[in-house]
> 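Here it is, the structure in full.
These figures come from a predicted structure and were not determined experimentally. Counting starts at 1 for both ligands and their atoms, in listed order. This chain uses plain numbering: 1 for the first residue, then up along the sequence.
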Amino acid sequence: MRPEIRQLWHSWNRMRAASKATPAMPPSELTTATMPPSELTTLASRISALTTELTTLLTAANAPSPSLTSLTAPETYPPDEAAQATRLALIDAATQLRDLAIGPAEWWKMAALTCTDDLMLLTVFTETALWTAVPLSGPGISHASLSAKTGIPPRLLARLLRHAMTLGLFTSTNAELITHTPLSATVCRNEGIRSFLGHCTDEVARGIPFATAVAREEGEGPKVGRTVVARALWPGCGDEVGFWKFLEEEPWRVERFGRAMRGMGVSMASLVEGFAWGGLGEGLVVDVGGSLGHVSCAIAAVNPDLKFVVQDVPKLAAEFESVRPVEFRDRVSFQAHDFFAEQPVRGADVYLFKHILHDWADAYALRIIRALVPALKTGARIVVFDAVLPPRGVLPNHAERLVTALDLQMWMVLGARERSAEMWRELFSAADSRLSVVGIKLVDGGMGIVEVEFKG
Ligand SMILES: C[S@@+](CC[C@H](N)C(=O)[O-])C[C@H]1O[C@@H](n2cnc3c(N)ncnc32)[C@H](O)[C@@H]1O
């Protein structure tokens with residue numbers, strides 16, 4: 001063994017021994033009984049209390065225990081409000097404890113390195129379909145076979161996988177076979193997550209080098225053709241030719257985006273349960289920008305008298321027909337419609353906009369709403385399902401991060417934003433004085449249902 005390697009080996013062994021050694025007893029005057037609790041111990045106690053609380057709630061809900069090792073462990077927590085609140089508090093406390101244990105200097109070293117390396121890793125795994133190349137059952141796959149399936153040479157593949165394992169993605173058996181962890185298995189099983197990863201690592205990430213220039217030159221609400229992502233992917237194509245038009249040019253992109261929206265299924269239950277759909281009787285709902293109809297089908301499943309028209313770009317028509325469950329054939333139909341043009345379905349009971357208006361800066365959102373107004377009957381409802389930004393500090397930090405990340409993603413891709421309750425009220429009253437926000441129901445994860453009535 002070369003001397004410098006031997007030296008490294010010894011110092012690593014010393015560190016390992018030190019970490020296992022029993023710490024010396026503190027002098028009696030410094031026992032924990034007399035010392036003020038440190039931030040470390042305060043957080044650790046909080047984590048312990050929250051963990052006990054969460055475990056009790058999960059047991060009461062008959063929910064299986066979460067696991068980092070068992071592939072049959074649940075991928076999500078039960079929607080139960082108390083369990084969700086406790087879980088969010090636990091995540092925040094555990095994140096703070098982790099940050100404290102890392103310390104600021106190392107935190108930055110890690111963050112600067114891993115924000116790029118992790119993005120690169122997720123990009124390569126997604127583009128080479130490595131997620132699904134590793135089988136979900138059986139003994140696992142050898143490096144050689146995985147290399148052949150993905151086109152990544154074996155030695156580089158081993159390095160990528162070794163870094164991936166530090167994130168809890170994949171593991172290897174004694175026989176050097178690669179198998180899934182629950183984290184990687186979730187990506188393997190879920191086409192929606194893979195599609196969303198594809199959208200983020202491909203379309204969104206390519207915009208990053210342009211963000212500073214767009215921020216300085218365009219500010220908050222660039223035209224759709226001058227956003228961060230438009231500049232990176234489709235430079236020089238004109239101010240009004242933006243993300244959605246480009247998706248239409250490349251059908252695989254629009255299909256991938258549709259799968260991402262369908263698969264991520266953000267808070268579908270809150271929308272299904274959060275509005276009085278049952279009160280509409282045999283009513284008609286127009287799902288504007290409804291993609292592949294997954295939202296309409298979820299509402300239709302528990303409201304057997306309702307009918308739905310899903311409107312979206314013409315390129316989605318074929319995919320819509322192929323994924324629509326057969327039981328909804330008579331009640332959920334597709335109509336190609338550009339929501340900047342006058343709404344063709346007049347007199348419906350509800351016009352649903354789920355994750356539509358947050359895609360558009362105010363100038364565009366006003367045009368979309370005004371194109372709808374001529375079709376509205378008195379008492380018709382516009383139901384918006386989007387984030388409702390609370391004042392800072394109201395949400396647990398984990399939920400706040402999801403909302404702020406989505407807000408910035410809207411800016412990068414579309415020059416758009418998430419809106420607060422006040423912004424929603426101002427938007428609708430500016431669109432038409434007969435439109436009035438009659439209710440805002442906050443649901444989980446910073447999302448909300450904004451109910452607007454047409455007073456006629
Ligand atoms: C963020 S996705 C939301 C999809 C769905 N409402 C959901 O929540 O899962 C936005 C949708 O708007 C559609 N869209 C974009 N521009 C459009 C336009 N001018 N007319 C109609 N639909 C459009 C896209 O094709 C896409 O399906």
> What residue and atom, counting heavy atoms only, is the protein's closest point to atom 12 (O) of ligand 1, and at what distance?
Ile356 CD1, 3.5 Å

> Could you check whether Asp202 pairs with Arg256 (Lys NZ or Arg NE/NH1/NH2 to Asp/Glu carboxylate O, under 4.0 Å)?
yes

> Under a 4.0 Å threshold between the charged nitrogen and the carboxylate oxygen, would Glu203 count as salt-bridged to Arg206?
no

> For the residue pair Thr126 / Trp131, report whether a side-chain donor-acceptor contact shorter than 3.5 Å exists.
yes

> Go through the side-chain N and O atoms of Asp118 and His163 and say whether any donor and acceptor fall under 3.5 Å apart.
yes

> With a cutoff of 4.0 Å, is Phe257 in contact with ligand 1, counting heavy atoms of the residue only?
yes

> Please report whether ligand 1 has a polar contact with Trp244, defined as an N or O pair separated by less than 3.5 Å (distance criterion only).
no

> Taking 4.0 Å as the limit for heavy-atom contacts, which would you say applies to Phe339 with ligand 1: side chain only, backbone only, both, or neither?
both

> Name the closest protein heavy atom to atom 5 (C) of ligand 1, giving the residue it belongs to and the distance to 0.1 Å.
Gly289 O, 3.4 Å

> Give the residue and atom name of whichever protein heavy atom lies nearest to atom 21 (C) of ligand 1, and the separation in Å to one decimal.
His337 O, 3.1 Å

> In the protein, what heavy atom is nearest to atom 1 (C) of ligand 1, and what distance, to one decimal place, separates them?
His355 O, 3.2 Å

> Using the ring centroid of each side chain, check whether Phe340 and Trp360 are separated by less than 6.0 Å.
yes

> Look only at interatomic distance and state if Asp338 has a nitrogen or oxygen under 3.5 Å from any nitrogen or oxygen of ligand 1.
yes

> Could you see which bit of Leu247 sits under 4.0 Å from ligand 1, with heavy atoms only: side chain, backbone, both or neither?
neither

> As an exercise, identify every atom of ligand 1 less than 4.0 angstrom from a heavy atom of Lys354.
3 (C), 5 (C), 6 (N), 7 (C), 8 (O), 9 (O)

> Do Phe308 and Val295 have side-chain heavy atoms sitting under 4.5 Å apart?
no

> For the residue pair Arg434 and Phe454, would you count it as a cation-pi contact if the rule is NZ or CZ under 6.0 angstrom from the ring centre and within 45 degrees of the ring axis?
no

> For Asp287 and Ser296, test the side chains for any donor-to-acceptor distance below 3.5 angstrom and give the result as yes or no.
yes

> For atom 27 (O) of ligand 1, which protein heavy atom lies nearest, and how many Å away is it?
Asp312 OD2, 2.7 Å

> Consider every N or O of Phe340 and every N or O of ligand 1, then say whether any pair is closer than 3.5 Å.
no

> Would you call Gln311 a ligand 1 contact, heavy-atom distance under 4.0 Å?
no

> Counting only heavy atoms closer than 4.0 Å, does ligand 1 sit against the backbone of Asp359, its side chain, both, or neither?
side chain

> Could you tell me if the ring centre of Trp252 sits under 6.0 Å from that of Phe257?
no

> What residue and atom, counting heavy atoms only, is the protein's closest point to atom 9 (O) of ligand 1, and at what distance?
His294 NE2, 2.8 Å

> Do Val450 and Asp386 make a side-chain contact, defined as non-hydrogen atoms from C-beta onward lying under 4.5 Å apart?
no

